[in-house]
There are 2 protein chains.
Amino acid sequence: MKATIKDIARTAGISYSSVSRALNDLKGVSEQTRQKVKKIAEELEYTPNAVARGLVQKQTGTLGLILPDITNPFYPEIARGVEEQASLAGFNTFLCNTNYDLSKEESYLRNLIEKRVDGIILAPVSSHSNLFEQRKHMPVPFVYLGNTPERTKYSFVLTDNVRGGYLATRTLIEKGYRRIGFISGKDEESPVGGRFTGFKEAMDRYDIDINDDYIRFGNWRLKSGYDIIQQMIGAGIYPEAVFAGNDILAMGILQGIKEKGLSVPEDIAVIGFDDIPYASWPAINLSTIRQPKSRMGKSAVEILIEQLQTENRGGTMLKATKIILDPDLILRGTC
Amino acid sequence: MKATIKDIARTAGISYSSVSRALNDLKGVSEQTRQKVKKIAEELEYTPNAVARGLVQKQTGTLGLILPDITNPFYPEIARGVEEQASLAGFNTFLCNTNYDLSKEESYLRNLIEKRVDGIILAPVSSHSNLFEQRKHMPVPFVYLGNTPERTKYSFVLTDNVRGGYLATRTLIEKGYRRIGFISGKDEESPVGGRFTGFKEAMDRYDIDINDDYIRFGNWRLKSGYDIIQQMIGAGIYPEAVFAGNDILAMGILQGIKEKGLSVPEDIAVIGFDDIPYASWPAINLSTIRQPKSRMGKSAVEILIEQLQTENRGGTMLKATKIILDPDLILRGTC
DNA sequence: TGACAATGAGCAAACGTTTGTCTTACAAAC
DNA sequence: GTTTGTAAGACAAACGTTTGCTCATTGTCA
């Protein structure tokens with residue numbers, strides 16, 4: 001923490017620019033000097049100061065990841081993907097939890113820009129925030145992850161929700177179910193719009209009528225799924241299969257069904273969305289549509305890094321990269 | 001990203017030191033000038049450069065959190081606690097995943113030191129690494145979280161494992177169980193030593209003999225718990241209650257019991273350790289000993305920040321702070 | 001042998017702040 | 001009218017690097 005490049009220069013009896021060159025393996029120093037410098041650096045327990053370097057190079061080797069809540073089982077895998085890919089490329093990752101607070105999204109953004117991160121990944125609370133769309137220009141490479149506002153001018157990576165919805169529904173249909181329900185959180189909070197679209201497309205494609213009694217929108221909490229299905233069963237009007245807007249909801253539905261004395265998938269089949277880790281636990285064993293979460297995180301980092309390189313070279317802002325990943329069908333025990 | 005303090009100074013027609021003072025609400029500038037400067041800063045979309053500030057102040061407003069795997073359900077809550085507390089104090093948090101790789105622990109440490117973080121929280125893979133004990137001195141405030149090496153010279157915060165083990169075992173005893181087993185991962189990888197100690201203390205205290213047939217050490221994966229209990233049941237020699245070294249193991253055990261056609265807690269009662277989020281899901285409903293994970297994260301940050309303040313003031317290194325938090329008994333359906 | 005390139009090294013200017021010291025002006029106090 | 005105090009602001013030195021430029025010195029080639 002103490003020794004600087006100047007200390008090394010002094011004890012080596014050379015200029016500190018040469019020390020810098022020696023340490024960074026740049027040419028302009030003899031092999032002999034290089035060795036000597038490195039040896040002295042070792043002895044002095046020299047640790048390069050990335051802050052100073054960052055100042056002159058205008059690069060900090062840092063990325064920012066803003067997400068709603070690392071405690072939500074959907075995010076840890078994403079964070080891991082991001083961190084891993086970033087680390088591979090020599091970047092450190094700032095973790096920022098907004099706690100589903102829109103205003104925090106903005107303040108973290110400012111905060112990260114002050115810290116001069118080289119790029120920012122934002123997994124927004126809602127896709128309906130156009131907070132960032134209004135800015136003329138991000139001063140740093142920027143990419144949305146997941147909940148992307150429609151027609152954004154920035155880069156994004158997300159899962160093909162329409163295709164996912166279609167896949168889920170088609171699977172139920174092919175298993176022979178006809179009375180199929182859709183239970184979800186509300187549209188405005190999420191890209192579920194696409195999932196519902198996929199649902200409708202599949203039903204249409206197979207010429208099955210949609211029964212509005214089986215379509216319900218609550219919120220995104222487990223209890224919502226639990227309540228809705230119980231209410232349906234209680235009223236005696238319930239589908240033989242349900243596609244849940246996400247896995248948390250699906251788990252609530254599972255629980256609700258069981259507590260009503262019915263069984264899954266015999267009485268009601270269930271399929272979820274996301275494939276959060278819970279889904280694979282034996283006691284739950286939920287069929288679902290997997291979002292490639294780790295891949296999403298990695299792709300986001302790749303976008304940032306590519307943008308960094310091109311931007312530096314060309315000097316001009318390049319077009320936004322848009323990545324839409326395919327979801328996978330994960331068949332387990334609930335349908 | 002473009003405008004600097006000098007740009008402001010130029011358009012305001014004053015020296016840039018005055019701009020700095022105006023912006024930071026220091027005295028030495030008239031109210032009038034201050035207003036003017038702030039207005040210009042606004043117009044120029046000035047964003048302070050934290051890197052430059054960090055260089056002169058020798059403080060970056062950054063903490064590092066090194067942990068094995070954010071995907072492991074034990075860590076997200078810790079990370080959240082850390083991030084929240086750090087953010088409250090104006091610090092950003094670097095997330096570093098070692099992927100259970102000891103060498104990465106060290107390289108991340110070096111990495112963070114180069115980045116000149118103001119403090120480091122390390123949740124080690126194993127408590128048996130004395131990699132860091134050998135260093136004469138950490139160049140930055142440092143605290144262990146969780147898996148702390150014995151007799152460390154650094155600060156740490158952990159849960160009282162002995163007490164937790166005692167609590168779990170006493171609970172089983174008070175519920176009337178006598179033939180009690182302990183299934184865990186191996187000692188050398190974790191502080192489970194304490195948990196086993198607590199187990200033995202409780203058994204001793206209530207004068208119950210420990211049956212070695214019921215004590216088993218595998219690894220820390222779910223499958224280990226699953227295999228061990230199935231093997232026990234298969235052999236016809238199994239306890240009426242088992243204390244599992246952690247919740248993951250407990251869930252494997254739960255699964256194993258059910259697949260053998262036995263029921264919980266009627267045939268075998270189970271209690272775990274950690275209280276990972278899974279444990280509270282209705283379908284699992286595991287009784288367990290809760291580690292106050294969020295609290296642990298927050299305490300670690302508090303230690304760092306206090307050390308930061310005292311160190312700056314006194315100029316001398318202060319004593320390590322040692323925090324041992326009490327675990328809580330969480331009674332659910334499995335015992 | 002002379003011209004020229006390549007090499008090793010030093011000098012100094014950046015990077016964008018904060019902060020200690022110095023100057024000036026003006027008002028209050030004697 | 002001189003001293004003293006105070007406030008506003010300017011000046012310049014840091015912080016620890018990287019990097020463009022210059023300058024010898026050496027080696028190469030015709």
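A note on names: the letters A, B, ... follow the listed sequences, proteins ahead of strands, and every chain is numbered from 1.
- Under 4.0 angstrom from either OP1 or OP2 of C:dC15 there lies no side-chain N or O belonging to B:Asn49.
- Here A:Ser15 reaches the OP1 or OP2 of C:dG10: one of its side-chain N or O atoms lies under 4.0 Å away.
- Residues A:Val56 and B:Ser18 both approach DNA chain D. Their nearest nucleotides, taken by heavy-atom distance, put B:Ser18 toward the 5′ side.
- For the pair A:Arg116 CZ and C:dC15 C1', the computed distance is 11 Å after rounding to whole Å.
- The side chain of B:Tyr46 places an N or O atom within less than 4.0 Å of a non-bridging phosphate oxygen (OP1 or OP2) of C:dT17.
- Between the NZ atom of B:Lys58 and the C1' atom of D:dG16 there is a distance of 8 Å, given to the nearest Å.
- Using a cutoff of 4.0 Å between basic side-chain nitrogens and carboxylate oxygens, A:Glu114 and A:Arg110 are not scored as salt-bridged.
- Contact check on A:Lys38 versus A:Asp25 returns a salt bridge, with a Lys/Arg side-chain nitrogen under 4.0 Å from an Asp/Glu carboxylate oxygen.
- A donor-acceptor pair under 3.5 Å is absent between the side-chain atoms of A:Thr62 and the main chain of A:Val117, judged by distance alone.
- Here the P atom of nucleotide C:dC15 and the CD atom of A:Gln59 are 16 Å apart, to the nearest Å.
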Check: protein-nucleotides 20-22 of chain D nitrogen or oxygen pairs below 3.5 Å:
{"residue": "D:dG20", "atom": "N7", "partner": "A:Arg21", "partner atom": "NH2", "Å": "3.3"}
{"residue": "D:dG20", "atom": "O6", "partner": "A:Arg21", "partner atom": "NH2", "Å": "2.9"}

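- Between the CG atom of B:Leu55 and the P atom of C:dG16 there is a distance of 12 Å, given to the nearest Å.
- Minimum interatomic distance between A:Thr33 and A:Ser30 (heavy atoms only, all atoms of both residues): OG1-OG, 2.6 Å.
- As a whole-Å value, the separation of B:Asn24 CG from C:dG20 P is 13 Å.
- A side chain to side chain contact (heavy atoms under 4.5 Å, CB included) with A:Ile70 is found for one member of B:Ile70, B:Leu95, B:Val82, B:Ile78 and no other, namely B:Ile70.
- Within a heavy-atom distance below 4.0 Å of DNA chain D, no residue of residues 25-34 of chain A is found.
- Atoms CD (B:Glu114) and P (D:dT18) sit 11 Å apart, rounded to a whole Å.
- Checking side-chain atoms of A:Asn72 against main-chain N and O of A:Phe74 turns up a donor-acceptor pair under 3.5 Å.
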Inset, instruction - May I have the step-by-step check of side chain to side chain contact (heavy atoms under 4.5 Å, CB included) for A:Thr98 and A:Tyr108, ending in yes or no? - result: CA-CA 8 Å; A:Thr98 64; A:Tyr108 267 124; 4.3 Å; yes
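- Distances shorter than 4.0 Å separate none of the side-chain N or O atoms of A:Ser20 from OP1 or OP2 on D:dT17.
- Note on the helix from C:dT1-D:dA30 to C:dC30-D:dG1: angle between the axes of the first and last five pairs equals 50°, rounded to 10 degrees.
- The shortest distance between the side-chain N/O atoms of A:Gln57 and the OP1/OP2 oxygens of D:dT19 is below 4.0 Å.
- B:Asn99 and B:Lys104 share no side-chain donor-acceptor pair at under 3.5 Å.
- Under the 4.0 Å criterion applied to side-chain N and carboxylate O atoms, B:Arg34 and B:Glu31 are assigned as salt-bridge partners.
- Both B:Gly13 and B:Ala52 sit near DNA chain D, but only B:Gly13 has its closest nucleotide nearer the 5' end.
- Atom NZ in B:Lys115 sits roughly 14 Å away from atom P in D:dT17 (whole-Å rounding).
- Ion pairing between a basic and an acidic side chain is recognised when a charged N comes within 4.0 Å of a carboxylate O; B:Glu302 and B:Arg295 show such pairing.
- Among B:Leu23, B:Val29, B:Thr11, the one residue that satisfies the side chain to side chain contact (heavy atoms under 4.5 Å, CB included) test with B:Val37 is B:Leu23.
- The aromatic rings of B:Phe142 and B:Tyr154 sit perpendicular, their planes meeting at an angle over 60°, well past the 30° parallel limit.
- Whole-Å rounding puts the B:Ile5 CD1 to C:dT17 P distance at 5 Å.
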